[in-house]
Amino acid sequence: MSDPLATLSTLLAPIFAEINGGAPSDPTVRPSDRADAQINGALPLAKRVGSNPRELAQQIVDSGVLADVASELEVAGPGFINVTFAAAFLQAQLAEVVTDDRLGVARAVDTKRVVVDYSAPNVAKEMHVGHLRSTVIGDSLVRMMEFLGYTVMRENHIGDWGRPFGMLIEHLLDLGEDVASEGLSQGDLDGFYKEANAKFKDSEPFQERARSRVVLLQSNDEDTLVLWRRLVEMSNAYFNRVYTKLGVLLTDDDLAGESQYQSLMTGVHQRLETQGLVRESDGATVVFPAGFKNRDGDPLPMITKSKTGAFMYATSDLACVVDRVERLGADLMLYVVGTPQANHLQMVFEVCRMASWLKEPTQAVHVNFGSVLGADGKMMRSRAGDSVKLVDLLDEAVERADASIAEKNPNMAAEERGAVAQAVGIGALKYADLSTDRIKDYVFDWDRMLAFEGNTGPYLQYAHARICSIFRRATIERSAVRDAPIVLGHAAEKALAMRIMGYPSAIDNTLDSYSPHKLCTYVYELASDFSSFYQECPILKSDEPMRTSRLALADLTARVLEHSLGLLGIVAPEEM
RNA sequence: GCCUUCGUAGCUCAGCCCGGAUAGAGCAGCGGGUUUCUACCCCGUCGGUCGCAGGUUCGAAUCCUGCCGGAGGCGCCA
């Protein structure tokens, strides 16, 4: 761990425990605008042991535990300790980061097996903005956890089963496979679904066909399954094109559709019955998880079987948990699913706990997220009033980025520009989505997300490109400066160095709450610190050895920028 | 009605989990500076009853309670 703040906590732990009579007591080390860091923990500790906070703070200072790392310690206010780090200490810590391929980020000690459930589009239905959030947030969390050394299993829980497939298959037959395939391969999933739905509404005979087809499907009729597979394949081909555009990790290997759990439900339900957890209620088979009430204040059931005897989606989700725990050996399951499903998932998890399928330390977490809003503050809609197609959003982002680059950097060759526009447009879109607290709704705004100023993707990519540009201008290989010592003479250099060393903590904090926006804030602060450094500390114009020292610091900054953006799923071009 | 969740500057958002010193950014406005760089960047300034009211605390945007306002959920769709 390279973070100087974390080092402080480690060094202070013994003396805090000693004063506290042997029990650990958090020294509460925080960043400070009055010094390099401040220690707040003396106040609550003084209260607990009944002594004077300022005297206790002074006692900690006098103990000398920070002698090697601090050049200045000051007791201030009611009992804060302000810390100024010794330059030699910071430089030594920084030197370790420079030579580390992992940029100071240690592998996690206890490596977990994690299932991340994300994206989850529906077969023969268009992907829309809601899928953007799930896909981008899930993908980023996967990248971070993989980097820490967890065993991560991505699962794309696509909606590939259920009643709608009766009408979809019949519509496929009506159109003929070739026509259907053409439409679907062009990405006209919405059209296909709507046509099928319209027929289902208008035509009695079609309804009848659709119903019989569902029965055939559920009894695994081979001819029907062939048609069903065609639909699923065509949709998957389309999803994969969207994933390629979006630049996410999901592949066919990650598909874990609802259909996959159908055969498991009977067994799972059997186990619920054996454990005596199911009840009969109004003809349906249900479980009453503790703590859930309906609108009348009565216990709220989770329905596992309808009165017609059909399994419900909750049952499928139960089977899914069982599969993840028992077959995949998951210690942790993340469900990157919208907030509206909160109640449903909580009930599923609670039932799993009742059935002992989910028990400590195994955890299931609903990584929920809010909606994407239009400028009017309402759910984002297209002009026609439909939900916005994800693919249109992606294309428009790239087009806008391309136009912007063409206008402002006309020197860039057209073929190069294409790749850069891809990185900038998609990066802007992803960053806009990731940079606000996932729990909250956010307002979608093209101009803001594509701006080169402020907390945006392009600003961060630009900071990276600028550093690359310095090396290009000077015709120096970036790798050539990595052996050089970095001297932190200027305040801006020190601030930048400390930020760089805070990278491991930024990742930890992000994963503590599965909140990618925390890493975004870190990257933005890193880019800001670099801008200040760049403004105040001439690089190429300065004399040796300062010149090489500053080049080395710039190079290290670029490495952290590129890497951290990479964890967000964002590409950092060398030029833009 | 019950449950969950959100409410911070004109706008868009951090900070809340784990209580600390004058509540921070960006955009927009105003005033400077720099231009080793590529569209920039840096500094200053203007701007806030942290939804409201209580409570706990030496100390509350942060914890607790109540209320107000918005969103979502609440039996056989997924």
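Keep in mind the model is a prediction, meaning the values are calculated, not measured. Naming convention: chains lettered A, B, ... in sequence-line order (proteins, then strands); numbering from 1 in each chain.
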For [X], report the nucleic acid contact type (base, sugar-phosphate, nothing); a contact means any heavy atom under 4.0 Å.
{"X": "A:R547", "value": "nothing"}
{"X": "A:C520", "value": "nothing"}
{"X": "A:P340", "value": "sugar-phosphate"}
{"X": "A:A284", "value": "base"}
{"X": "A:E525", "value": "nothing"}
{"X": "A:T285", "value": "nothing"}

Between [M] and [N] - [atom1] atom distance, rounded Å:
{"N": "B:A9", "M": "B:U56", "atom1": "C1'", "answer": "30 Å"}
{"N": "B:G19", "M": "B:G59", "atom1": "P", "answer": "15 Å"}
{"N": "B:G24", "M": "B:A39", "atom1": "P", "answer": "32 Å"}
{"N": "B:U49", "M": "B:G33", "atom1": "P", "answer": "33 Å"}
{"N": "B:A60", "M": "B:A53", "atom1": "P", "answer": "15 Å"}
{"N": "B:C74", "M": "B:A14", "atom1": "P", "answer": "27 Å"}
{"N": "B:G10", "M": "B:G47", "atom1": "P", "answer": "11 Å"}
{"N": "B:C40", "M": "B:G51", "atom1": "P", "answer": "35 Å"}

Quiz item: Do A:D433 and A:Y442 have side-chain N/O donor and acceptor atoms under 3.5 Å apart?
Solution: yes
Quiz item: Any luck finding a side-chain donor-acceptor pair between A:N455 and A:S435 under 3.5 Å?
Solution: no
Rounded to whole Å, how long is the line connecting atom [atom1] of [X] with atom [atom2] of [N]?
{"X": "A:Q346", "N": "B:C74", "atom1": "CD", "atom2": "P", "value": "13 Å"}
{"X": "A:F292", "N": "B:C3", "atom1": "CZ", "atom2": "P", "value": "13 Å"}
{"X": "A:M412", "N": "B:A39", "atom1": "CE", "atom2": "C1'", "value": "11 Å"}
{"X": "A:M347", "N": "B:C76", "atom1": "CE", "atom2": "C1'", "value": "12 Å"}
{"X": "A:F288", "N": "B:C3", "atom1": "CZ", "atom2": "P", "value": "19 Å"}
{"X": "A:Y459", "N": "B:A25", "atom1": "OH", "atom2": "C1'", "value": "11 Å"}
{"X": "A:L460", "N": "B:G26", "atom1": "CG", "atom2": "C1'", "value": "12 Å"}
{"X": "A:D160", "N": "B:A78", "atom1": "CG", "atom2": "C1'", "value": "12 Å"}

Looking at [X] versus [Y], is the centre-to-centre ring distance below 6.0 Å?
{"X": "A:Y313", "Y": "A:H344", "answer": "yes"}
{"X": "A:F349", "Y": "A:Y335", "answer": "yes"}
{"X": "A:Y459", "Y": "A:Y524", "answer": "yes"}

Exercise. In sequence, state the C-alpha distance, the side-chain angles, and the governing distance for A:L318 and A:C352, and then conclude on side-chain contact (heavy atoms from CB on, under 4.5 Å).
Key: CA-CA 7 Å; A:L318 291 178; A:C352 285; 3.6 Å; yes
Quiz item: Closest nucleotide of RNA chain B for A:M576 versus for A:L540: which of these residues is on the 5' side?
Solution: A:L540
Exercise. Using heavy atoms to find the nearest nucleotide of RNA chain B for A:N409 and A:S306 separately, return the residue whose nucleotide is more 5′.
Key: A:N409
Quiz item: Which residues satisfy the ring pair (Phe, Tyr, Trp, His ring centres under 6.0 Å) test with A:F533, sequence neighbours excluded?
Solution: A:F530
Exercise. Please list, chain by chain and in numerical order, all residues satisfying ring pair (Phe, Tyr, Trp, His ring centres under 6.0 Å) with A:Y514, sequence neighbours excluded.
Key: none
Exercise. Could you summarise the pairing of RNA chain B as dot-bracket text, marking Watson-Crick and G-U pairs under 3.5 Å with ( ) or [ ] inside the strand and | across strands?
Key: (((((((..((((......[...)))).(((((.......))))).....(((((..]....))))))))))))....
Self-check item: A:E575 atom CD: more than 12 heavy-atom contacts under 6.0 Å
Solution: yes
Per [X] side chain, nearest of listed nucleotides [options]:
{"X": "A:I405", "options": "B:C76, B:G75, B:A39", "result": "B:A39"}
{"X": "A:R163", "options": "B:C42, B:C77, B:C37", "result": "B:C77"}
{"X": "A:M312", "options": "B:A78, B:G72, B:C40", "result": "B:A78"}
{"X": "A:N294", "options": "B:C74, B:A78, B:A39", "result": "B:C74"}

Exercise. Look at the side-chain N and O atoms of A:R466 and state whether any lies under 4.0 Å from the OP1 or OP2 oxygen of B:C41.
Key: no
Exercise. Measure the distance between the ring centre of A:Y534 and the centre of the six-membered base ring of B:U36, then answer whether it is under 5.5 Å with planes under 30°.
Key: yes
Quiz item: So does A:R324 pair up with A:E155, basic N to acidic O under 4.0 Å?
Solution: yes
Quiz item: Does the pair A:K494/A:D36 count as a salt bridge with the N-to-O cut at 4.0 Å?
Solution: yes
Quiz item: Syn or anti for B:G75, taking syn as within 90° of 0?
Solution: syn
Tabulated below should be each protein N or O lying under 3.5 Å from an N or O of nucleotides 29-35 of chain B; please produce it.
unit_1 : atom_1 : unit_2 : atom_2 : d
B:G33  : N2     : A:Q535 : NE2    : 3.1

Quiz prompt | Expected output: side-chain A:E493 to main-chain A:G489 donor-acceptor under 3.5 Å | solution = yes
Quiz item: For A:P545, does its backbone N or O pair with a side-chain atom of A:S549 as donor and acceptor, under 3.5 Å?
Solution: no
Practice problem: Using a 4.0 Å heavy-atom cut-off, write out nucleotides 10-23 of chain B from 5' to 3' as B (base contacted by protein), S (sugar-phosphate only) or - (no contact). | Solution: --SSSS--B-BBB-
With a 3.5 Å cut-off and sequence neighbours excluded, list the donor-acceptor pairs that the side chains of residues 414-422 of chain A form with protein atoms.
unit_1 : atom_1 : unit_2 : atom_2 : d
A:R417 : NE     : A:D402 : OD1    : 3.2
A:R417 : NH2    : A:D402 : OD2    : 3.3
A:Q422 : NE2    : A:K245 : O      : 3.2

